[in-house]
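One structure is given here, and the rest of the page talks about it.
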Amino acid sequence: MISTPSGASEPEFDAPFVFTADGHKSLYFTLDQLQSRMCSEHPTQLDVDYTRTMMGFLLLDSQPARIAMIGLGGGSLLKFCHRHLPQAQLTAIEINPHVIALRHEFQVPDDERIRIICADGADFVRALPEEGAERYDVLLVDGFDGQGQSASLCSQRFYDDCLRALCPGGVLVANLHHDHPDHGVYTGRLRLAFDGNVLEVPSKEKSNSILFARKNQRLCIDELRQSRALEHVDPEMRAQLQQEFSRIGWDIRHAG
């Protein structure tokens, strides 16, 4: 299901383009800014290293019931979660309608478990009611545009709103540029919002930094290292994530 909030304006957005080569389909805004990549023969496979790192939330919650994702891109995380977490209801918030229009290019399924909302991710979490059922077990933040990392998704207000959007013990996963000049500022804001319950993992290729934050519950490195999240999953999922999860357990460090 795709929806746009009533009364939403229609500002101009950069139109991405799709590039196909060597059995892969990639989404770009400019040729030096890869947004998403899909193996055409295995469309639900996580083809970019940092997306496998972001799935590390399973080490903290192996069976989330409600997952929200800010930033759709080519739908890599959405497709993977849809395939391998059949119990989860999935919501993707994407500000750019041109990106949403390309979802079938990247084989994003139309399914009753998937809701795609055309909206600003910061506005979405801010507008959630103070009380009620619309809280999430996991919130994945991967919002980039033609200008790079979105400042509205790195503000103190945004991280405070993300905390409120989570269930008790819920997990926020944020993808940041490791070499961004304000990286330390952003991680500091996240630590402030989540009372220091934050762990940082550089992606394997070191260009991205993935931050895990948990609501009202201490994050423990040993908990991640001893997690048995992959013991009862399907072989395809285990094959994709086992090596990365082992790396996370030994590469992890406190943010800030």
Side-chain angles (χ1 to χ4, degrees), residues 42-71 75-93 108-109 111-115 125 133-142 162-175 190 194-195 197-204 208-255:
H42 304 284
T44 63
Q45 182 173 291
L46 294 175
D47 205 54
V48 181
D49 71 313
Y50 82 84
T51 58
R52 294 188 290 273
T53 311
M54 291 187 75
M55 288 301 302
F57 71 79
L58 292 171
L59 297 169
L60 301 166
D61 184 352
S62 62
Q63 293 188 317
R66 291 169 55 81
I67 302 174
M69 308 174 183
I70 295 178
S76 299
L77 288 165
L78 181 63
K79 291 183 295 182
F80 187 85
C81 290
H82 178 264
R83 180 175 178 84
H84 297 292
L85 299 175
Q87 79 285 354
Q89 295 293 317
L90 306 168
T91 299
I93 303 96
V108 174
D111 185 276
E112 62 182 10
R113 289 173 46 223
I114 293 176
R115 179 174 59 146
V125 293
E134 194 164 3
R135 291 292 180 270
Y136 295 94
D137 300 294
V138 176
L139 180 56
L140 303 172
V141 181
D142 186 20
C162 286
L163 178 73
R164 188 170 51 82
L166 290 168
C167 300
V171 180
L172 170 70
V173 187
N175 174 32
L190 189 56
F194 282 78
D195 196 27
N197 296 316
V198 177
L199 293 171
E200 181 175 11
V201 184
S203 65
K204 187 175 181 180
N208 296 78
S209 186
I210 309 303
L211 287 100
F212 298 89
R214 185 156 58 181
K215 182 175 181 176
N216 304 132
Q217 192 172 340
R218 183 171 175 266
L219 272 171
C220 175
I221 295 174
D222 287 339
E223 178 185 359
L224 274 71
R225 289 177 176 168
Q226 296 168 15
S227 174
R228 297 182 177 180
L230 295 180
E231 283 191 358
H232 304 292
V233 303
D234 63 81
E236 179 185 340
M237 185 180 190
R238 185 181 303 113
Q240 287 196 62
L241 297 180
Q242 191 161 33
Q243 184 176 3
E244 180 61 15
F245 281 15
S246 295
R247 188 189 72 85
I248 288 172
W250 297 105
D251 247 14
I252 203 159
R253 57 191 168 89
H254 284 282

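Because the structure is a prediction, the values reported are computed rather than measured. Note that the numbering runs from 1 along the sequence shown for the chain.
- Counting heavy atoms from C-beta outward, Leu90 and Leu78 have side chains that approach closer than 4.5 Å.
- When all heavy atoms of Asp137 and Cys167 are compared, the closest pair comes out as OD1-SG, 3.9 Å.
- Using a 4.5 Å cut-off on side-chain heavy atoms (C-beta onward), Ile70 and Leu139 make contact.
- Counting heavy atoms from C-beta outward, Leu59 and Phe212 have side chains that stay 4.5 Å or more apart.
- For the atom pair CZ (Phe80) and CD (Glu236), the distance works out to 7.5 Å, reported to the nearest 0.5 Å.
- At least one donor-acceptor pair under 3.5 Å links the side chain of Arg238 to the backbone N or O of Val233.
- Asn197 places none of its side-chain heavy atoms less than 4.5 Å from the side chain of Gln217.
- Of all non-hydrogen atoms in Ile67 and Ala88, the two that sit nearest each other are CD1-CB, 4.1 Å.
- Heavy atoms only, all atoms of each residue included: Arg247 and Thr53 are closest at NH2-OG1, 3.6 Å.
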Show the numbers, then the answer: is there a side-chain contact (heavy atoms from CB on, under 4.5 Å) between Leu60 and Leu219?
CA-CA 9 Å; Leu60 301 166; Leu219 272 171; 3.5 Å; yes

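- Between the CG atom in Leu46 and the CG atom in Leu241 there is a gap of 6.5 Å [rounded to 0.5 Å].
- Atom NZ of Lys79 sits about 10.0 Å away from atom CG of Leu77, to the nearest 0.5 Å.
- Using a 4.5 Å heavy-atom threshold, the side chains of Val173 and Asp142 count as separate.
- Across all non-hydrogen atoms, the minimal contact from Arg66 to Arg135 is NE-O, 2.8 Å.
- Listed here is the closest heavy atom pair of Gln240 and His84: NE2-NE2, 4.2 Å.
- Atom CZ of Arg214 and atom CZ of Phe194 lie 11.5 Å apart (nearest 0.5 Å).
- Annotation: side chain of Leu190 is in contact with side chain of Leu172 (closest heavy-atom distance under 4.5 Å).
- Considering CG of Asp49 and CG of Asn208, their distance stands at 6.5 Å, rounded to 0.5 Å.
- Across Asn175 and Met54, no two heavy atoms sit closer than the pair CB-SD, 3.9 Å.
- Side chain of Lys215 to backbone of Leu166: a donor-acceptor contact under 3.5 angstrom is found.
- Residues Leu58 and Phe245 are in side-chain contact: their nearest non-hydrogen atoms beyond the backbone lie under 4.5 Å apart.
- Taking SG from Cys81 and CG from Leu140, the interatomic distance works out to 6.5 Å, rounded to the nearest 0.5 Å.
- When side chains are defined from C-beta on, Met69 does not count as touching Ile93, because their heavy atoms never get closer than 4.5 Å.
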